[in-house]
There are 2 protein chains.
Amino acid sequence: MSENAREAILTAAKSAAQLHGYGGINFRSIADEVGIKNASIYYHFPSKAALGSAVARRYWEDTSTVLAQIRTTHSDPWECLQQFPSIFRTSLENANRLCLSSFMAAEYEDLPEEVTAEVRAFADINVAWLVRVLEDADWGDAHSRERRARAIYTAVAGAQLIARTHADIHQFDDLIASYKESGLIPSSS
Amino acid sequence: MSENAREAILTAAKSAAQLHGYGGINFRSIADEVGIKNASIYYHFPSKAALGSAVARRYWEDTSTVLAQIRTTHSDPWECLQQFPSIFRTSLENANRLCLSSFMAAEYEDLPEEVTAEVRAFADINVAWLVRVLEDADWGDAHSRERRARAIYTAVAGAQLIARTHADIHQFDDLIASYKESGLIPSSS
DNA sequence: ACCTGAACACCGTTCAAGT
DNA sequence: ACCTGAACACCGTTCAAGT
């Protein structure tokens with residue numbers, strides 16, 4: 001198992017970060033989970049900042065893969081657009097976890113710089129994906145697509161954040177439905 | 001100054017919480033700011049949970065006052081609606097501070113119950129205010145007003161959270177403008 | 001009534017030492 | 001190469017003691 005220690009640390013830290021944020025990454029409990037001592041983590045990651053950065057990077061890479069899959073599975077761009085919030089919904093379904101990036105946006109002032117860079121990368125790949133989908137849908141011009149993509153990403157992240165304070169995932173679905181009804185998230189009709 | 005120690009603690013804690021969250025409320029540095037020792041805080045507040053709860057309560061009470069003032073100052077409900085995001089904008093202007101409630105929404109899983117109750121109260125008074133303004137504007141029926149009010153509150157909170165990761169307040173203004181253009185935040189025309 | 005010093009268990013981190 | 005025990009300064013909290 002020792003060859004996978006690095007992976008196990010990364011997985012445990014990611015899970016902790018989605019529940020408790022960067023500040024909630026606890027070396028002693030991660031070490032317990034992995035089955036090593038907390039000092040051993042420093043063999044694999046030189047600091048908490050480095051671990052946090054690796055977690056955030058892994059997180060947006062995984063998200064990027066899922067986004068790409070949505071575009072592969074759904075040829076209709078309007079369908080892709082409707083699917084976008086499902087990524088954030090999945091986190092909530094999974095033990096009320098929050099998007100790592102939203103959590104770290106809150107903690108922004110206390111984050112080491114190497115972590116904030118990855119947090120911005122997460123927002124960037126989400127916005128870039130939305131821009132592309134809006135483009136496929138022939139929606140607006142380049143400038144308005146960029147604006148709208150940012151607005152959609154932001155509103156969906158907000159919905160996840162606020163819905164979290166209600167145990168009920170229904171709240172999240174309601175908010176997304178409102179975004180669609182209002183036209184913030186455009187539909188084909 | 002000793003008669004105001006309680007107030008000074010509350011003020012310092014509120015400021016810290018908007019910058020670093022509940023977890024970032026540090027008894028030793030608050031005590032330093034107030035000019036007492038950290039153990040003395042426990043004379044005024046029996047626990048960190050009690051202090052956090054008092055801070056969050058004070059916060060939504062203050063917000064409630066500002067919201068009421070907007071309705072007093074602007075007789076036109078459409079104008080009130082356009083003014084709503086200004087509360088969140090002011091926090092950002094003020095040293096990139098975050099709405100306490102958004103911060104605590106992120107930290108939700110780690111919050112003592114007496115604090116979460118106040119976090120929900122903040123969301124409730126914002127939504128209630130928006131419902132009332134939409135009602136004054138004769139917008140939709142009771143059910144759709146409730147839904148839309150939640151969507152607006154959520155999206156604006158999200159805009160503040162995400163805009164925080166860019167030093168630029170321009171980003172926040174852009175997002176709000178997009179919400180208005182898309183129709184999420186309705187206007188009279 | 002209001003404040004303090006000293007102690008507690010806990011955190012991230014370091015480092016010399018083990019295999 | 002990979003891990004550990006012991007120590008560091010830091011946290012919230014307690015409590016007996018001061019004025």
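The shown structure was predicted, so the numbers you read here are calculated from the model rather than taken from an experiment. Residue numbers begin at 1 in each chain, while the letters A, B, ... track the order of the sequences.
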Grab the NE2-P distance between His20(B) and dC11(D) for me, whole Å please.
-> 12 Å
May I ask you to evaluate whether Asn26(A) reaches the phosphate of dG12(C), defined as a side-chain N or O under 4.0 Å from OP1 or OP2?
-> yes
Side-chain contact check for Ile36(B): nearest option of dT14(D), dT13(C), dT4(C) is dT4(C)
Starting at the 5' end of DNA chain D and moving along, which residue's nearest nucleotide shows up first, Arg28(A) or Lys37(A)?
-> Lys37(A)
Find the runs of at least 3 consecutive base pairs, i with j, i+1 with j-1 and so on, that include DNA chain C, using Watson-Crick or G-U wobble geometry with both distances under 3.5 Å.
-> C:4-8 with D:12-16, C:12-16 with D:4-8
Please answer: with hydrophobic residues joined when any side-chain heavy atoms are less than 4.5 Å apart, are Tyr179(B) and Leu81(B) in the same cluster?
-> yes
To the nearest angstrom, the OH-P distance between Tyr42(B) and dG18(D) comes to 22 Å
Checking side-chain contact (heavy atoms from CB on, under 4.5 Å) against Phe122(B), which of Thr63(B), Val127(B), Leu100(B) comes through?
-> Thr63(B)
Would a distance-only check, ignoring hydrogens and angles, find a side-chain to backbone donor-acceptor pair under 3.5 Å from Arg145(A) to Gly140(A)?
-> yes
On the 0 to 90° scale, with breaks at 30° and 60°, tag the Phe84(B)-Trp129(B) ring pair as parallel, tilted or perpendicular.
-> parallel
The side chain of Ala39(B) lies closest to which of these nucleotides: dG12(C), dT4(D), dG5(C)?
-> dG5(C)
Should the heavy atoms of other residues, nucleotides or ligands under 6.0 Å from CZ of Arg71(B) be counted, would the total exceed 12?
-> yes
Val66(B) versus Asp62(B): any side-chain heavy-atom pair under 4.5 Å?
-> no
Under 4.0 Å: is that the gap between some side-chain N or O of Ser40(B) and OP1 or OP2 of dT4(C)?
-> yes
Would you kindly give the CZ-to-C1' distance between Phe27(B) and dC11(C), to the nearest whole Å?
-> 17 Å
Integer-rounded Å distance: dT13(D) P and Lys48(B) NZ = 7 Å
Short side-chain N/O contact to dC2(D) OP1/OP2 from Tyr43(A), under 4.0 Å | yes
Separation of dC8(D) P from Asn38(A) CG (nearest whole Å) = 16 Å
Reckon Ile25(B) touches a base, only the sugar-phosphate, or nothing at all at heavy-atom distances under 4.0 Å?
-> sugar-phosphate
Expressed in angstrom and rounded to an integer, what is the separation of Phe45(A) atom CZ from dG12(C) atom P?
-> 15 Å
Please report the C-alpha distance between Phe172(A) and Phe88(A) in whole Å, then the side-chain angles of each, then the deciding distance to 0.1 Å, and finally whether the ring pair (Phe, Tyr, Trp, His ring centres under 6.0 Å) criterion is met.
-> CA-CA 9 Å; Phe172(A) 179 77; Phe88(A) 293 80; 7.4 Å; no
Can you find a side chain N or O atom of His44(A) that sits less than 4.0 Å from OP1 or OP2 on dA1(D)?
-> no
